[in-house]
**Q** 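Quick one: the structure is below, and I'll ask about it shortly.
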Amino acid sequence: MSTRPSAPERTPWHSLPQADVAARLGSDSERGLSHPEAAARLAREGPNALAEAGRRSPLAMLAAQFTDFMILVLIAAAVVAGLVGEPQDSIAIVVIVLLNGAMGFVQEYRAERALAALRRMASPQARAIRNGQPTLVDARALVPGDLVELEAGSIVPADLRLVELAALGIDESALTGESQGAEKRLPALDDRDLPLGERRNLAYKGTVVTHGRARGLVVETGMRTEIGRIAGLLSADYGRTPLQQRLSRFGRQLALAVLAICAVIFIAGWLRGTPPLTMLLTAISLAVAAIPEALPAVVTIALALGAARMVRQNALIRRLPAVETLGSVTTICTDKTGTLTENRMRVECLQVGDDRHGALPAALDSPWRELGRVMALCNDAGFDAAGRAVGDPTEIALLEAAAAVGLHRPELEQRHPRLAELPFEAARARMSSLHGDEAGVLVLVKGAPEAVLPRCADRLSAGGEAALDVAAELARAEAMAGEGLRVLALAQRRVPALPESLDAEAVETGLRFLGLVGLIDPPRAEAGEAVVACREAGIVPIMITGDHPATARAIALRLGIATPDDIALTGRELERLDAAAFEREIGRVRGYARNDPAPKLRLVAALQARGGVGALTGAGGDDAPAL
């Protein structure tokens, strides 16, 4: 069997036909690998796991507390004080140094333990096809060329090129910042340089299947996966905080000044005839007295008190100097999904004809009643035993909006049991469900406006059947999308009986249009207040997200991060800028969209290089390197 290519460039798997992918991997898209071949590749490629950076031992953490220049000066002063016969000074300095080191060590050790607890996760299992038979294996044992099965609720165990799927949706928000699930498709994509979120025929390690099922060939494992690439960027140097830099500079300047003064006193006394040994002891005593022994302890105590207060606000401080750094911040770069927003979809508005509401009206008259019924029934989301909504975020939002006005899916299904369905397909950009009805079979359809409206013959109004202006409804949908909303069109029709052949072209035609639904990942209630507080404190907020530009702009405008006159750049546009243009633009841009982790890291570094103190907040794996 052939092996995978070892070229240094990353293979654009999304742009290759399935047959070429299987050939390059030396695999079979029907039977997968044999057990001996999988074992050989595992020995050659290594486990499908992320490399962990060496963690500092407690002893190393303790030793690091005594490497600051000011601390070294104090240690030297203690030694000198002991040598010249001032044991009480020496003991006092040593006690202060040890207390200072102990406080810093305890804070860092507790923070490291908390972070280690956050990192611990069970190793997931994967369902691989080997020798044509499904086999449950540890995800660490997957190798390039393995054929893997996915189903709703699965965690994708490696980077996969999809070769078979049925209505597959994956939550990729941790990697891309997109709150809505990514609907997957099979055909190869022409553009080799597509952003990560637009490679619709790939599934990425660590993301979660929200609905549907699929099979895919493993194309990358371990540190070569997209999440592994993010982990590789985490080796960035922490650098020294502004407080550490100022204390180090102060310590050096103080030491030089004390040494100069002591040298002058020693030479002056010697020239006056005082014995050299006496003058040496006098100069050394003055040097010890001039060193502010309590300064490091006072600083550490103040920072420890600040860290304790922040812990009460659910903020974990890993290194004490970061407390002061937060107070020096001039620019805050914030991710959108999960940080400024709730990372869940919500129905923002519904449009029926000229009427627009923020939710379904309590008085469910026609056509609002029919619109809500489609939202609840043409839906694959549901609730688990604990009452939590499970499924695709968009479908959960529709289900919850319908339930809010009493349209509960289980009750509706008793009157309209589902008989069949046409699952969502990217090529059709819509889904349909067929339900029993007193007048025959009710066909309910939802999907992209441009995929649903042309298949509608009329619309349902308060007065009954009405003429449909497709162009006007598409314009409404476009205007809603310009507000950063994800827009769905809902329609229905009745047929006498369940068709013998469920042909989408035949079933999804002659529809009656009901209305448009706009969904959004809503801003957090406290986000707007936080932005106002930042501006009042002289801090400039900037949004850096992997989300769609229109969505990012809408949220930025709503929260006051950007104004209508501010410009936004995408990751691709950033990559095209040379160093001079990049430096020129960075000062006036308030929003960056479609950014991968590497451009985020570059942006944060550039903001810091301008002389300010930059901070970043984020909630996803794509934020980790910049964080």
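Here the structure is a predicted model, which means the values were calculated and not measured.
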**Q** What pairs with Thr563 under side-chain contact (heavy atoms from CB on, under 4.5 Å), at least two apart in sequence or on another chain?
**A**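 Applying side-chain contact (heavy atoms from CB on, under 4.5 Å) to Thr563 gives Asp565, Asp566.
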**Q** Distance from Leu468 atom CG to Leu460 atom CG, nearest 0.5 Å?
**A**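 Answer for the CG-CG pair, Leu468 versus Leu460, is 11.5 Å.
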**Q** Sequence neighbours excluded, which residues qualify as ring-ring contact (aromatic ring centres under 6.0 Å, His included) partners of His357?
**A**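 Residues passing ring-ring contact (aromatic ring centres under 6.0 Å, His included) with His357: Trp368.
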**Q** Going by heavy atoms in the side chains, are Val143 and Val218 under 4.5 Å from each other?
**A**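 No, every pair of side-chain atoms sits at 4.5 Å or beyond.
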**Q** Who passes side-chain hydrogen bond (donor to acceptor under 3.5 Å, both in side chains) against Arg459, sequence neighbours left out?
**A**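 side-chain hydrogen bond (donor to acceptor under 3.5 Å, both in side chains) check on Arg459 returns nothing, list empty.
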**Q** At their closest point, which heavy atom of Ala477 faces which heavy atom of Leu516, and how far apart are they?
**A** N-CD1, 3.8 Å
**Q** So Val507 and Leu422, do their side chains get closer than 4.5 Å, heavy atoms only?
**A**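 With C-beta onward as the side chain, the pair touches.
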**Q** Could you check whether Arg346 pairs with Glu348 (Lys NZ or Arg NE/NH1/NH2 to Asp/Glu carboxylate O, under 4.0 Å)?
**A** yes
**Q** Who pairs with Glu183 by side-chain hydrogen bond (donor to acceptor under 3.5 Å, both in side chains), at least two apart in sequence or on another chain?
**A**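 Once residues adjacent in sequence are excluded, the partners of Glu183 under the side-chain hydrogen bond (donor to acceptor under 3.5 Å, both in side chains) criterion are His211.
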**Q** What is the distance from atom CZ of Arg130 to atom CG of Asp28, rounded to the nearest 0.5 Å?
**A** 14.0 Å
**Q** Given side chains that start at C-beta, do those of Val495 and Arg493 come closer than 4.5 Å, heavy atoms only?
**A** yes
**Q** Between the side chains of Arg486 and Thr394, does any donor sit under 3.5 Å from an acceptor?
**A**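 Looking only at side-chain atoms, Thr394 and Arg486 do form a donor-acceptor pair, the distance falling under 3.5 Å.
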**Q** May I have all residue pairs that pass salt bridge (Lys or Arg N to Asp or Glu O under 4.0 Å) and include part of residues 356-371, sequence neighbours excluded?
**A**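 Listed once each, the pairs are Arg356-Glu483.
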**Q** Applying side-chain hydrogen bond (donor to acceptor under 3.5 Å, both in side chains), name anything that partners Thr225, two or more places apart in sequence or on another chain.
**A**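 For Thr225, no residue satisfies side-chain hydrogen bond (donor to acceptor under 3.5 Å, both in side chains) once neighbours in sequence are set aside.
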**Q** Run the side-chain contact (heavy atoms from CB on, under 4.5 Å) test on Phe513 and Gln492 for me, step by step, so that the C-alpha distance in whole Å, both residues' side-chain angles and the decisive distance to 0.1 Å come before the verdict.
**A** CA-CA 7 Å; Phe513 177 65; Gln492 69 177 33; over 6 Å; no
**Q** Looking at Gln351 and Gly353, would you say the former's side chain and the latter's main chain have a donor-acceptor pair under 3.5 Å?
**A** yes
**Q** Look at the side chain of Arg199 and the backbone N and O of Arg192, then say whether any donor-acceptor pair between them is shorter than 3.5 Å.
**A**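 Here the side-chain-to-backbone pair does not exist.
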**Q** Whether Glu400 and Arg409 form a salt bridge (side-chain N of Lys/Arg under 4.0 Å from carboxylate O of Asp/Glu) is what I want to check.
**A**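 Not counted as a salt bridge, because no side-chain N and carboxylate O are separated by less than 4.0 Å.
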**Q** If only atom types and distance count, is the side chain of Asp521 paired as donor or acceptor with the main-chain N or O of Thr341 below 3.5 Å?
**A**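 Answer holds: no.
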**Q** Applying salt bridge (Lys or Arg N to Asp or Glu O under 4.0 Å), can you list everything that pairs with Asp458, at least two apart in sequence or on another chain?
**A**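 Expected list: Arg512.
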**Q** Report yes if the side chains of Val208 and Ile170 come closer than 4.5 Å at any heavy-atom pair, otherwise no.
**A** no
**Q** Side chains of Leu364 and Leu407, heavy atoms from C-beta outward: is any pair under 4.5 Å?
**A**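 A side-chain contact exists here, since the closest heavy-atom pair is under 4.5 Å.
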**Q** What are the two closest non-hydrogen atoms of Gly484 and Ala554, and how far apart are they?
**A** CA-CB, 3.7 Å
**Q** Identify the heavy atoms of Ala381 and Glu395 that sit nearest to each other, and give their distance.
**A**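 Closest approach of Ala381 to Glu395, heavy atoms only: N-OE1, 3.4 Å.
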**Q** Go through it in stages, so that I can follow the logic: the residues are Val517 and Leu490, the test is side-chain contact (heavy atoms from CB on, under 4.5 Å), and I'd like the CA-CA distance, side-chain angles, deciding distance and then a yes or no.
**A** CA-CA 8 Å; Val517 180; Leu490 277 59; 4.0 Å; yes
**Q** Just do the side-chain contact (heavy atoms from CB on, under 4.5 Å) check on Ile396 and Asn379 with the steps written out, would you?
**A** CA-CA 8 Å; Ile396 289 174; Asn379 195 317; over 6 Å; no
**Q** When rounded to the nearest 0.5 angstrom, what is the spacing between CG in Leu186 and CZ in Arg215?
**A**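 With rounding to 0.5 Å, CG (Leu186) is 13.0 Å from CZ (Arg215).
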**Q** Is any side-chain heavy atom of Leu519 less than 4.5 Å from a side-chain heavy atom of Leu488?
**A**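 Yes, close enough: below the 4.5 Å cut-off.
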**Q** Taking side-chain hydrogen bond (donor to acceptor under 3.5 Å, both in side chains) as the definition, give me every residue that meets it alongside Glu505, ordered by chain and number, with sequence neighbours left out.
**A** Arg455
**Q** What pairs with Asn201 under side-chain contact (heavy atoms from CB on, under 4.5 Å), at least two apart in sequence or on another chain?
**A** His14, Arg161, Leu189
**Q** With distance as the sole test, does Asn48 use its side chain to make a donor-acceptor pair with the main-chain N or O of Pro157 at under 3.5 Å?
**A** yes
**Q** May I ask you to say whether Arg524 pairs ionically with Glu342, meaning some side-chain N is under 4.0 Å from a carboxylate O?
**A**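 Result for this pair is no, no salt bridge flagged.
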**Q** Just by distance, do the side chain of Asn131 and the backbone of Gln133 share a donor-acceptor pair under 3.5 Å?
**A**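 Pair absent, no side-chain N/O of Asn131 close to backbone of Gln133.
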**Q** Which pair of non-hydrogen atoms, one from Leu33 and one from Pro144, has the smallest distance, and what is that distance?
**A** CD1-O, 3.9 Å
**Q** Look at the side chain of Lys205 and the backbone N and O of Ile227, then say whether any donor-acceptor pair between them is shorter than 3.5 Å.
**A**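 Side chain of Lys205 to backbone of Ile227: no pair is present.
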**Q** Going by the rule side-chain contact (heavy atoms from CB on, under 4.5 Å), which residues pair with Pro187 if we only count those two or more places apart in sequence or in a different chain?
**A**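 side-chain contact (heavy atoms from CB on, under 4.5 Å) check on Pro187 returns Arg185.
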**Q** Please answer whether the main-chain N or O of Ala506 pairs with a side-chain N or O of Asp503 as donor and acceptor at a distance below 3.5 Å.
**A**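 Between the backbone of Ala506 and the side chain of Asp503 there is a qualifying donor-acceptor contact (under 3.5 Å).
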**Q** Looking at CD of Gln125 and CG of Asp138, how far apart are the two atoms once the value is rounded to the nearest 0.5 Å?
**A** 5.5 Å
**Q** Verify, without hydrogens or angle tests, whether Arg430 (side chain) and Arg428 (backbone) share a donor-acceptor contact under 3.5 angstrom.
**A** yes
**Q** Do Glu508 and Ser432 have a side chain donor and acceptor closer than 3.5 Å?
**A**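 Their side chains do contain a donor-acceptor pair, which is all the 3.5 Å distance test asks for.
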**Q** Other residues, nucleotides and ligands only: do more than 12 of their heavy atoms fall within 6.0 Å of CD on Glu151?
**A**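 Not buried by this count: 12 neighbours or fewer within 6.0 Å.
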**Q** How would you list, by chain and number, every residue that makes a salt bridge (Lys or Arg N to Asp or Glu O under 4.0 Å) with Glu478, sequence neighbours excluded?
**A**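 By the salt bridge (Lys or Arg N to Asp or Glu O under 4.0 Å) rule, Glu478 matches no residue at all.
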**Q** What distance do Glu172 atom CD and Leu196 atom CG have between them, rounded to the nearest 0.5 Å?
**A** 6.5 Å
**Q** Nearest heavy-atom pair of Gly145 and Leu217: which atoms, and what distance?
**A** O-CD2, 3.6 Å
**Q** Mind running side-chain contact (heavy atoms from CB on, under 4.5 Å) on Leu514 and Val374 for me, showing each step along the way?
**A** CA-CA 9 Å; Leu514 299 176; Val374 176; 3.5 Å; yes
**Q** Taking the side chain as every heavy atom from C-beta outward, state whether Val347 and Leu398 have any atom pair closer than 4.5 Å.
**A** yes
**Q** Quick check: closest heavy atoms across Leu168 and Val209, and the distance to 0.1 Å?
**A** CD1-CG1, 3.6 Å
**Q** Are the side chains of Val156 and Tyr204 in touch, meaning some heavy atoms are under 4.5 Å apart?
**A**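 With C-beta onward as the side chain, the pair stays apart.
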**Q** More than 12 foreign heavy atoms under 6.0 Å from CZ of Arg213: is that the case here?
**A**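 Counting neighbours around CZ of Arg213, 12 or fewer heavy atoms of other residues, nucleotides or ligands fall under 6.0 Å, so no.
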**Q** With rounding to the nearest 0.5 Å, note down the distance linking CE in Met375 to CG in Leu412.
**A** 11.5 Å
**Q** Report the residues that fulfil side-chain contact (heavy atoms from CB on, under 4.5 Å) with Pro541, sequence neighbours left out, ordered by chain and then residue number.
**A** Val531, Arg535, Ile561
**Q** Judged by atom type as modelled, is there a donor-acceptor pair below 3.5 Å linking the side chain of Asp146 to the main-chain atoms of Ala128?
**A** no
**Q** Spell out, as yes or no, whether a donor-acceptor pair under 3.5 Å connects the side chain of His416 to the backbone of His435.
**A**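 No; judged by distance alone, with no hydrogens or angles, the pair does not exist.
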